[in-house]
Amino acid sequence: MKALGVDIGGTRVKVGVVERSGKIVSQAATDTPIDPEEFKRTLAGMVWEMAPKDGTLAGVGIGCKGIINYETTKIEVLPGLLRPLEGALLSDLIPLDVPVRADNDAKVALAGEMLWGAARGLKNAILLTLGTGVGGAIVAEGKFLRGVGGVAGHLGHVTVNPDGPMCICGNYGCLEAFFSADAIESEAYRAVHSGCVSTLTDKYRHNPETISCRDVFEAAAAGDVVAALIRDRAIRYLGAAIAGLLHVFDPEAVILGGQIVEAGPALLEPLAREMRWRSMGLLKREVPLLLQQVQDRSGIVGAAALVFASEG
Ligand SMILES: [Zn+2]
């Protein structure tokens, strides 16, 4: 049997046919239409086009940003230009007579890791996606945590400093307001606007609006003191937040995904140190930090995992 995996992101919509082994056999992608009606037409068209018509399609799995009700596929909260879709059922947008499963994109990533990746066989695990924002998902005692309204697992919105910067969610001092590509870039802009002596300031003078999170990590690795301070502060907050989560969930492993993990040891080594000293007193063990193993970065494979996982 095969599943159709759909990833609905803020910039791209991706659809692919996935085998039970987790292999993508065909895929397509397009820019996310900003008009809700055009979005619905585009999604239905892509799904219809890609769906196997030979009776081998077991279902459609959808990963979507925001808060998605897994039971009903209802879009509860969808920040950004597609906000008018809030309240819609994703299953209503799929023109096929097969089961439709939908969940938040980070939860979908953990579903993929549970079937084919780093969370295989684990009963207690936490996943964080470290990108523009911070997504999260939790499996506890073998069960996916979704909560009453599908909000459970939004680890980017754990408060790490009650007096911190305002977050997209309206709270002050969420993890995501300290550690995320957006937060690290904001901090870098604050430094260059203040005229701090840094290679980032030189780069900004030559070409404004181009400082990225990757630039900060690269400048820090090259010995830039300001960039290193920004990087290290962000990692300290992430480590403190994860240490708190270790005390709450006592997981077998923490799984990291998202583009910032490409920083490699410059992120992972100080992060592991921060987590260890903050949690060793009660846990008495080191919790492994694993990287996401499902190689597909499109979200298609994880979305398909919703279908295969529900088959049992
Ligand atoms: Zn928040």
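For ligands, and for the atoms within them, numbers begin at 1 and follow the listed sequence. FYI, side chains are in, hydrogens and waters are out, and symmetry mates aren't considered; it's all heavy atoms of this structure. Index from 1, following the sequence.
Put simply, the side chain of D31 never gets that close to the backbone of R12: no donor and acceptor are under 3.5 Å apart.
The side chain to side chain contact (heavy atoms under 4.5 Å, CB included) test applied to L229 returns V225, not counting sequence neighbours.
Contact record, V139 with L110: N-CD2, 3.9 Å, taken as the closest heavy-atom pair.
Around the NZ atom of K143, the shell of radius 6.0 Å holds no more than 12 heavy atoms that belong to other residues, nucleotides or ligands.
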Could you list the donor-acceptor pairs under 3.5 angstrom formed by side chains in residues 85-101, with sequence neighbours left out?
residue, atom, partner, partner atom, Å
E86, OE2, L78, N, 2.7
E86, OE2, R83, NH1, 3.3
S91, OG, T73, OG1, 3.2
R101, NE, S310, OG, 3.4

Give the table of side-chain donor-acceptor pairs shorter than 3.5 Å for residues 288-297, with sequence neighbours excluded, one pair per line with atom names and distance.
residue, atom, partner, partner atom, Å
Q293, OE1, A118, N, 3.4
Q295, NE2, Q293, O, 3.1
D296, OD1, S298, N, 2.9
D296, OD1, S298, OG, 2.3
D296, OD2, S298, OG, 3.2
D296, OD2, G299, N, 3.4
D296, OD2, I300, N, 3.2
D296, OD2, V301, N, 2.9
R297, NH1, V294, O, 3.0

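Within a radius of less than 2.8 Å around the Zn ion (ligand 1), the protein N, O or S atoms are H157 ND1, C167 SG, C169 SG, C174 SG.
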